[in-house]
Peer 1: 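Take a look at this one; I'll ask things after.
Index from 1, following the sequence. Heavy atoms only: backbone and side chains are in, while hydrogens, waters and symmetry mates are out. Because the structure is predicted, anything quoted here is derived from the model rather than measured.
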Amino acid sequence: MTPEAWTDWPSREALSQERRTDARRWLSRGVRVLALGALMWSTFSERHVAGWAAVAAVAGVLLTGFLVRCFYRTTLRNVLWPSVGLLVLLMGGTIAARHGGFEIAATVLWSGCAIVAMERLPLVAALPTTLAALGGLVAYNQDHWITTTITTAGLLLAGYVLRLDAEARGNAQRLLAQERAAHAAEAESAALAERARIARDIHDVLAHSLSAQLVHLEAARLRIESEPHSPFRDQILERVVAARSMAREGLAETRQALSALRGEMAPLGDYLRELAAMDGAEVEIGGEPRPLPAEASQTVRRVVQEALTNVRKHAPGARVLIRLMYGADEVTLEVRNTGGKGAAPAGLGASGSGYGLLGMRERAELLGGTLEAGPGGPEDPGEKGFSVRLRVPA
């Protein structure tokens, strides 16, 4: 037993009546009523009491109850010396009751003082007080020494068992409160993480769609500025129609992001084929396809979108290959282009925020994955074109 165990008070949960079960609460009340009834019965049945003596006896019983209530309150506030002083007053009243001929009442009080001292005081004060109460019981007890020894040992053990039971109940209440707080914190953290994920998804969807629209609208603006009097109506119209198409795609992507958050996400392979068909890209899927966690699936989708947007901006007309490989514990995505067949209009390469690759890398690192991007491919970095390679645990 540690030194602190001798000087520490029982926990507030152990001393308090709060959060007790109905069974314990009714048992505690029953014990109090039984003790009060025993005192009253012993007072008026052990000897004939009448007149002022009866009034004094009833006043003594009520005073005893008041002192016990005060003792419970002072121990709940962990005030040591007033608590010990109240027990001393109770033991003094017990001696007075014994000299007044109320032997049963005195025995009940001695026993009660011994038990509550062991149950509610620090051990450094509980043991001397309990031994003093048991000593008074032994001194005035007329039973055989074996009976007296068994009685005192039983009272001492009963007080300690009640103390351990109260401490166990208090520990259980604290653990329950900590578990509830942990669950609340976990739920709040999950809600914050979900909000952050929704914000990232909506941001990515809008960023991709608006960036693509900006490409086409910038091309239309540059064409108009370069030759304002030329009949380029058809080309301008083509750009505007393409921008409108991008807006529709962005709206569809927003719906898909929300569907993913509701658990209604389309299979990843089908999504890649649909996206590749819109951009004229090729798709290869290897390994055993399987459902992926929502975060991993969304990351793969966003990286493909960003890579295809970069191809439209920096390498128009390039041949694009999208390769998705399912491994044992990870998924690998590679988006490679062979280099554009023509140059993008001036100013288009600088459009957008410039944080596409950084955002993709941050997404991968949040999942414990990696993202590599650079000229050529992993097998031949000097190859013409550009490659984006993503690995995420799944």
Peer 1: Are side-chain heavy atoms of Leu292 and Leu268 found at a separation under 4.5 Å?
Peer 2: yes
Peer 1: Heavy atoms only: give me the nearest Met91-Cys113 pair and the separation to one decimal.
Peer 2: CG-SG, 4.0 Å
Peer 1: Give the cluster check for Leu63 versus Leu89: same hydrophobic cluster or not, with ILVMFWY residues linked at side-chain heavy-atom distances below 4.5 Å.
Peer 2: yes
Peer 1: Given side chains that start at C-beta, do those of Leu121 and Phe71 come closer than 4.5 Å, heavy atoms only?
Peer 2: yes
Peer 1: Is the side chain of Thr74 donor-acceptor paired with the backbone N or O of Cys70 at a distance under 3.5 Å, no angle test?
Peer 2: yes
Peer 1: Do you reckon Leu131 sits in the same ILVMFWY cluster as Val84, going by side-chain contacts under 4.5 Å, direct or chained?
Peer 2: no
Peer 1: Using modelled atom types only, decide if a donor and an acceptor are shared between the side chain of Ser297 and the backbone of Pro293 within a distance under 3.5 Å.
Peer 2: no
Peer 1: Given side chains that start at C-beta, do those of Val335 and Ser387 come closer than 4.5 Å, heavy atoms only?
Peer 2: no
Peer 1: Do Leu333 and Val388 have side chains that get closer than 4.5 Å, going by heavy atoms?
Peer 2: no
Peer 1: Under a 4.5 Å cut-off applied to non-hydrogen side-chain atoms, are Leu321 and Glu284 in contact?
Peer 2: yes
Peer 1: Should Val68 and Leu86 be marked as a side chain to side chain contact (heavy atoms under 4.5 Å, CB included) after you check the CA-CA gap, both sets of side-chain angles, and the distance that decides it?
Peer 2: CA-CA 8 Å; Val68 169; Leu86 289 169; over 6 Å; no
Peer 1: Going through the checks in order, is the side chain to side chain contact (heavy atoms under 4.5 Å, CB included) test met by Phe386 and Arg336?
Peer 2: CA-CA 6 Å; Phe386 197 84; Arg336 182 190 305 180; over 6 Å; no
Peer 1: Side chains of residues 363-370: which donor-acceptor partners sit under 3.5 Å, not counting sequence neighbours?
Peer 2:
| residue | atom | partner | partner atom | Å |
| --- | --- | --- | --- | --- |
| Arg363 | NE | Asp204 | OD2 | 2.6 |
| Arg363 | NH2 | Asp201 | OD1 | 2.9 |
| Arg363 | NH2 | Asp204 | OD2 | 2.6 |

Peer 1: Could you state whether Val124 and Val79 fall into the same hydrophobic cluster, counting links through intermediate Ile, Leu, Val, Met, Phe, Trp or Tyr residues with side-chain heavy atoms under 4.5 angstrom apart?
Peer 2: no
Peer 1: Mind checking whether Met325 and Val304 sit in one hydrophobic cluster, side chains of I, L, V, M, F, W, Y counted as touching below 4.5 Å?
Peer 2: no
Peer 1: Taking only Lys NZ, Arg NE, NH1 and NH2, and the carboxylate oxygens of Asp or Glu, determine whether Glu372 and Arg389 approach each other closer than 4.0 Å.
Peer 2: no
Peer 1: According to a 4.5 Å side-chain heavy-atom criterion applied to Ile, Leu, Val, Met, Phe, Trp and Tyr, with indirect links allowed, do Tyr271 and Ile285 form part of one hydrophobic cluster?
Peer 2: yes
Peer 1: Within this structure, what is the OG1-CZ distance for the pair Thr129 and Arg120, rounded to the nearest 0.5 Å?
Peer 2: 14.0 Å
Peer 1: Decide yes or no on side chain to side chain contact (heavy atoms under 4.5 Å, CB included) for Leu390 and Thr332, but give the supporting numbers first.
Peer 2: CA-CA 6 Å; Leu390 168 72; Thr332 303; over 6 Å; no
Peer 1: Going through the checks in order, is the side chain to side chain contact (heavy atoms under 4.5 Å, CB included) test met by Leu308 and Val320?
Peer 2: CA-CA 8 Å; Leu308 293 178; Val320 181; 3.8 Å; yes
Peer 1: Could you tell me whether Arg323 and Glu282 make a salt bridge, using a distance below 4.0 angstrom between a side-chain N and a carboxylate O?
Peer 2: no
Peer 1: To the nearest 0.5 Å, what is the distance between CD1 (Ile322) and CG (Asn337)?
Peer 2: 11.0 Å
Peer 1: I'd like to check Met118 versus Leu127 (side-chain heavy atoms, cut-off strictly below 4.5 Å). Are they in contact?
Peer 2: yes
Peer 1: Any heavy-atom pair between the side chains of Val283 and Leu275 that's under 4.5 Å?
Peer 2: no
Peer 1: Mind checking the NE2-CD spacing from His183 to Gln178? Nearest 0.5 Å is all I need.
Peer 2: 12.0 Å
